[in-house]
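Labels below follow one simple rule: chain letters A, B, ... track the order of the sequence lines, proteins then strands, and each chain is numbered from 1.
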Protein chains: 2
Amino acid sequence: MTAVKESSTRNFNKGVALTSCPVTFVMEKIGGYWKPIIIFHLMSGPKRYSELKRAIPQITEKMLIQHLKQLQNDDLVHRDAQAVIPPVVTYSLTKSGEDLFQVLDSMVDWAIKNGSV
Amino acid sequence: MTAVKESSTRNFNKGVALTSCPVTFVMEKIGGYWKPIIIFHLMSGPKRYSELKRAIPQITEKMLIQHLKQLQNDDLVHRDAQAVIPPVVTYSLTKSGEDLFQVLDSMVDWAIKNGSV
DNA sequence: ACAAGTACTTACCCCAAAGTATGTAACTAT
DNA sequence: ATAGTTACATACTTTGGGGTAAGTACTTGT
């Protein structure tokens, strides 16, 4: 157990910045490499786990379920599992998840304007 | 020198995903804890280094200049230094930086709607 | 003489995110 | 019998972002 100072900036952020800065709030939800990509693929409709895997070949299975779980916890993605064998698990965006379209869209706009692709 | 496998997902991303996914492109520019906050503070006009420091008390000086440098390299922020003593260095948003307003704004919208603050 | 302010720089540490590799349960098709 | 499919789980390692602490050069105020 390595102690973390009570007064560290990290702790301060966890308590204050994350809840008071809306942009950081969003980053916490869709930040990282894979989340926006997963969300993007779910924008075109619900997908099975294996479909997502094929749609994003570079992602490892660990990263895929890990992020799907986090997205569920953040109520951006809904998981529907059918109790059949082989299992059929379908992921879809929640209302909050769908609402992210505006955010991703403005990002794409900016990227196009500013030298990407 | 620890070798990194040629075929690692990371390398693949550096070469492909970063340039082909606009959202990831944006994340690379404004991702992380401090960049959006710094940009936010520059939205209200040019600021001196020390002004930024006072405006964001939790940030360390190392993080502040580090990110200011990265923002310069990404052409989001402009640095203006006057050769006087004590030094006067002013940071301001470039056109690209100002254009980020739409992106940050849509993030704030979403955050308000979805349970932050 | 020396503290204080300005805009940094440098060395070092820590941890969480990301990646690698492998295993599992339950069934189906050959 | 055994290979394949589906949707995961788990142990281990790496790496980069972020943090701490301290120092620098130059000048002004007391």
Side-chain angles (χ1 to χ4, degrees), chain A residues 1-14 17-18 24 27-38 46-72 77 79-91, chain B residues 1-14 17-18 24 27-38 46-72 77 79-91:
Chain A
M1 266 300 268
T2 24
V4 175
K5 277 190 207 158
E6 274 299 318
S7 59
S8 83
T9 312
R10 197 174 350 228
N11 283 339
F12 184 82
N13 287 338
K14 292 244 167 88
L18 289 185
T24 308
M27 292 293 190
E28 283 290 306
K29 307 270 173 181
I30 65 167
Y33 268 67
W34 300 115
K35 278 179 187 171
I37 299 176
I38 294 171
K47 298 268 179 304
R48 287 185 65 175
Y49 176 83
S50 50
E51 286 182 294
L52 286 172
K53 238 183 70 179
R54 273 190 297 273
I56 315 169
Q58 307 87 30
I59 201 172
T60 62
E61 296 195 53
K62 181 200 165 197
M63 283 295 107
L64 184 51
I65 39 120
Q66 191 175 103
H67 287 126
L68 282 171
K69 274 183 185 171
Q70 289 174 19
L71 291 169
Q72 282 173 71
V77 159
R79 188 189 112 116
D80 180 73
Q82 293 175 48
V84 296
I85 297 276
V88 174
V89 179
T90 308
Y91 292 93
Chain B
M1 267 298 267
T2 25
V4 174
K5 277 189 206 159
E6 275 298 319
S7 59
S8 82
T9 311
R10 202 175 341 237
N11 281 340
F12 184 81
N13 288 338
K14 291 243 167 89
L18 288 186
T24 308
M27 291 293 190
E28 283 291 305
K29 306 271 173 180
I30 65 168
Y33 267 65
W34 300 115
K35 278 179 187 172
I37 299 177
I38 294 170
K47 299 267 179 304
R48 289 185 63 175
Y49 175 82
S50 50
E51 286 182 292
L52 285 172
K53 237 182 71 178
R54 273 190 296 273
I56 315 170
Q58 307 88 28
I59 202 173
T60 61
E61 297 194 51
K62 180 199 164 195
M63 283 294 108
L64 184 52
I65 39 119
Q66 192 175 102
H67 287 126
L68 282 171
K69 275 184 184 170
Q70 289 174 18
L71 290 168
Q72 284 173 71
V77 159
R79 190 189 110 115
D80 180 71
Q82 293 175 49
V84 296
I85 297 276
V88 175
V89 180
T90 309
Y91 291 92

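The distance from atom CG of Leu64(B) to atom P of dG18(D) is 13 Å, rounded to the nearest whole Å. Atom NZ of Lys35(A) and atom P of dA16(C) are 15 Å apart (whole Å). Ile59(B) places its CD1 atom 15 Å from the P atom of dA7(C), with the value rounded to the nearest Å. When rounded to the nearest whole Å, the span between CZ of Arg54(B) and P of dA4(C) equals 16 Å. Atom-to-atom, NZ of Lys47(A) to P of dA7(D) comes out at 14 Å; the value is rounded to the nearest Å. Rounded to whole Å, atom C1' of dG18(D) lies 13 Å from atom CD1 of Ile37(B). Atom pair Glu28(B):CD and dA18(C):C1' shows a separation of 13 Å (rounding to whole Å applied). Remark: C1' of dA7(D) and CD of Gln82(A) are 13 Å apart, rounded to the nearest angstrom.
Distances shown here put every side-chain N or O of Thr60(B) at or beyond 4.0 Å from the OP1 or OP2 atom of dG18(D). For Arg48(B), no side-chain nitrogen or oxygen approaches OP1 or OP2 of dT6(C) to under 4.0 Å. Side-chain N/O atoms of Trp34(B) include none lying less than 4.0 angstrom from OP1 or OP2 on dG17(D). The shortest distance between the side-chain N/O atoms of Ser50(A) and the OP1/OP2 oxygens of dA7(D) is below 4.0 Å. For dA17(C), neither phosphate oxygen OP1 nor OP2 lies less than 4.0 angstrom from any side-chain nitrogen or oxygen of His67(A).
Contact between Pro46(A) and Thr90(A) at its shortest, heavy atoms only, is CB-CG2, 3.8 Å. Summarising the geometry of Pro36(A) relative to Gly32(A), their closest heavy-atom pair is CD-O, 3.4 Å, with the distance given to 0.1 Å.
Checked against side-chain contact (heavy atoms from CB on, under 4.5 Å), Ile65(B) has the following partners two or more places apart in sequence or in another chain: Tyr49(B). Every residue two or more places apart in sequence or in another chain that forms a side chain to side chain donor-acceptor pair (under 3.5 Å) with Gln70(B) is listed here: Lys35(B). For Ala81(A), the side-chain contact (heavy atoms from CB on, under 4.5 Å) partners are Arg79(A), Val89(A), not counting sequence neighbours. Applying the side-chain contact (heavy atoms from CB on, under 4.5 Å) criterion to Pro86(A), with sequence neighbours excluded, gives no partner residue.
Using a distance-only test at 3.5 Å, with no hydrogens or angles considered, a donor-acceptor pair links the side chain of Glu51(B) to the main chain of Arg48(B).
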Contact state string [nucleotides 24-30 of chain C, B base, S sugar-phosphate only, - no protein heavy atom under 4.0 Å]: --SS---
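As judged by a 4.0 angstrom heavy-atom cut-off over every strand, Val84(A) is placed among residues making no nucleic acid contact.
Applying the salt bridge (Lys or Arg N to Asp or Glu O under 4.0 Å) test to residues at least two apart or on different chains, the pairs with a partner in residues 56-69 of chain B are Lys53(B)-Glu61(B).
The terminal axes of the helix from dA1(C)-dT30(D) to dT30(C)-dA1(D), fitted over 5 pairs per end, subtend an angle of 10° to the nearest 10°.
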Please test Ile59(A) against Tyr33(A) for side chain to side chain contact (heavy atoms under 4.5 Å, CB included), starting from the C-alpha separation and ending with a verdict. CA-CA 10 Å; Ile59(A) 201 172; Tyr33(A) 268 67; over 6 Å; no
Shorter than 3.5 Å, N or O on both sides, protein versus nucleotides 8-12 of chain C: list them out with atom names.
residue, atom, partner, partner atom, Å
dC8(C), OP1, Arg79(B), NH1, 2.4
dC8(C), OP2, Arg79(B), NH1, 3.2
dC8(C), OP2, Tyr91(B), OH, 2.8
dC8(C), N4, Glu61(B), OE1, 2.8
dC8(C), N4, Glu61(B), OE2, 3.3
dT9(C), OP2, Lys69(B), NZ, 2.6

